[in-house]
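Reviewing the structure listed below.
Just so we're on the same page: letters track the sequence lines, and every chain starts at 1. Small disclaimer: the values here were computed from a predicted structure and weren't measured. For the numbers below, each heavy atom of this structure counts, side chains included, while hydrogens, waters and symmetry mates do not.
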Number of protein chains: 2
Amino acid sequence: MRIGELAAKSGVSVRALRYYEEQGLLEATRSYSGQRHYPEPATDRVQLIQMLYAAGLSSKTIAELLPCVEARVNTPESRARLAAERDRIEAQIAALTRTRDRLDAVIAISESPESGCTYVPDRDVAAEAGHSVTS
Amino acid sequence: MRIGELAAKSGVSVRALRYYEEQGLLEATRSYSGQRHYPEPATDRVQLIQMLYAAGLSSKTIAELLPCVEARVNTPESRARLAAERDRIEAQIAALTRTRDRLDAVIAISESPESGCTYVPDRDVAAEAGHSVTS
DNA sequence: CTAAAACCTGACGTTGACGTCAGAGGCAAG
DNA sequence: CTTGCCTCTGACGTCAACGTCAGGTTTTAG
């Protein structure tokens, strides 16, 4: 599989795949002319990389974790690294949950203005926002 | 309260506070000589701003949401905006939860080398990733 | 009164994960 | 053979949320 196909399959850009290689996250065999070739499982690997990026990990951290996840490297250090990142993610989940709850509370108040809404906007505000932004 | 004190109380830098003002997230009265002065509640507001930044919202989005949260602006558009961001955060929580579970699975395997340390198919991990997502 | 500390306004620097463009080569089809 | 798409390697551009420095004013402590 060449880079364009992998990009299409895994849903990332060609540029991103080259970047991953540059960061040591993804390897490819090269044809004689220098073109990259990937095996099928590369699709999964790229999606895992995206998953970790989405969790806020840096390239460097991902590069350290990938061997533990894919190649099953198992040392005290790798286990500590995994646990540390797990905890970081858990803390992030907790923070996001608090933020979500806060927004939920605001939404609840918005939807039942009778119960404790201290300030109701006048017509001008609502009238001025005539066009929809529904996305 | 001047900017230095607010920075100390809310745990962000002076530069960040000026940046928030520039982005329309935080207002301050000015003394004759031009120095910023903040009321006490500004501390809470700054922490709310930080909370939303941590949830991955941009300055622009925060600027749109803050009136809804603090001033209780309540229009169909503001409610939709709030709900949309709430959903975004919820989706992010779900993604992070999946990532955490994946790491947990890897950690579990690492810690019990007896049960197939050298190679465990991804199937096990994938099958286990279908847990609840705190909705 | 003076010196230090805090504050002001620009304005350039930083970082990470790419986007984008330039110029050159590679590959199956007509 | 040539057309057209894919790929290659640099290398500069981007964007956001600040960091940091410069040069000048204001406030505070002694």
Round to the nearest Å and state the distance from [X] atom [atom1] to [N] atom [atom2].
| X | N | atom1 | atom2 | result |
| --- | --- | --- | --- | --- |
| A:L52 | C:dG16 | CG | P | 17 Å |
| A:R30 | D:dT7 | CZ | P | 12 Å |
| A:I49 | C:dA17 | CD1 | P | 12 Å |
| A:Y32 | D:dC8 | OH | C1' | 15 Å |

Using a strict threshold of under 4.0 Å (side-chain N to carboxylate O), is an ion pair present between [Y] and [X]?
| X | Y | result |
| --- | --- | --- |
| B:E40 | B:K9 | yes |
| B:R102 | A:E85 | no |
| A:E111 | B:R79 | no |

*May I ask you to check whether over 12 heavy atoms, not counting those of A:R81, lie within 6.0 Å of atom CZ?*
yes
*In this structure, are over 12 heavy atoms from other groups packed under 6.0 Å from B:E70 atom CD?*
yes
*Tell me, with the steps shown, if B:Y53 and B:S59 meet side-chain hydrogen bond (donor to acceptor under 3.5 Å, both in side chains).*
CA-CA 8 Å; B:Y53 270 130; B:S59 293; 2.6 Å; yes
*Give me the bend of the helix from C:dC1-D:dG30 to C:dG30-D:dC1, using the axes of the five pairs at each end, rounded to 10°.*
10°
*Would you say D:dC8 has OP1 or OP2 under 4.0 Å from some side-chain N or O of A:R36?*
yes
_For a quick test of reading the model: is some side-chain N or O of A:R18 closer than 4.0 Å to OP1 or OP2 of D:dT9?_
no
*Grab the two heavy atoms, one from A:A63 and one from A:Q23, that are nearest each other, plus how far apart they are.*
CB-O, 4.2 Å
*With a 3.5 Å cut-off and no angle check, do the side chains of B:R2 and B:Q35 form a donor-acceptor pair?*
yes
*Reading 5' to 3' through nucleotides 15-30 of chain D, protein heavy-atom contacts under 4.0 Å coded B for base, S for sugar-phosphate only, - for none*: --BBBB-----SS---
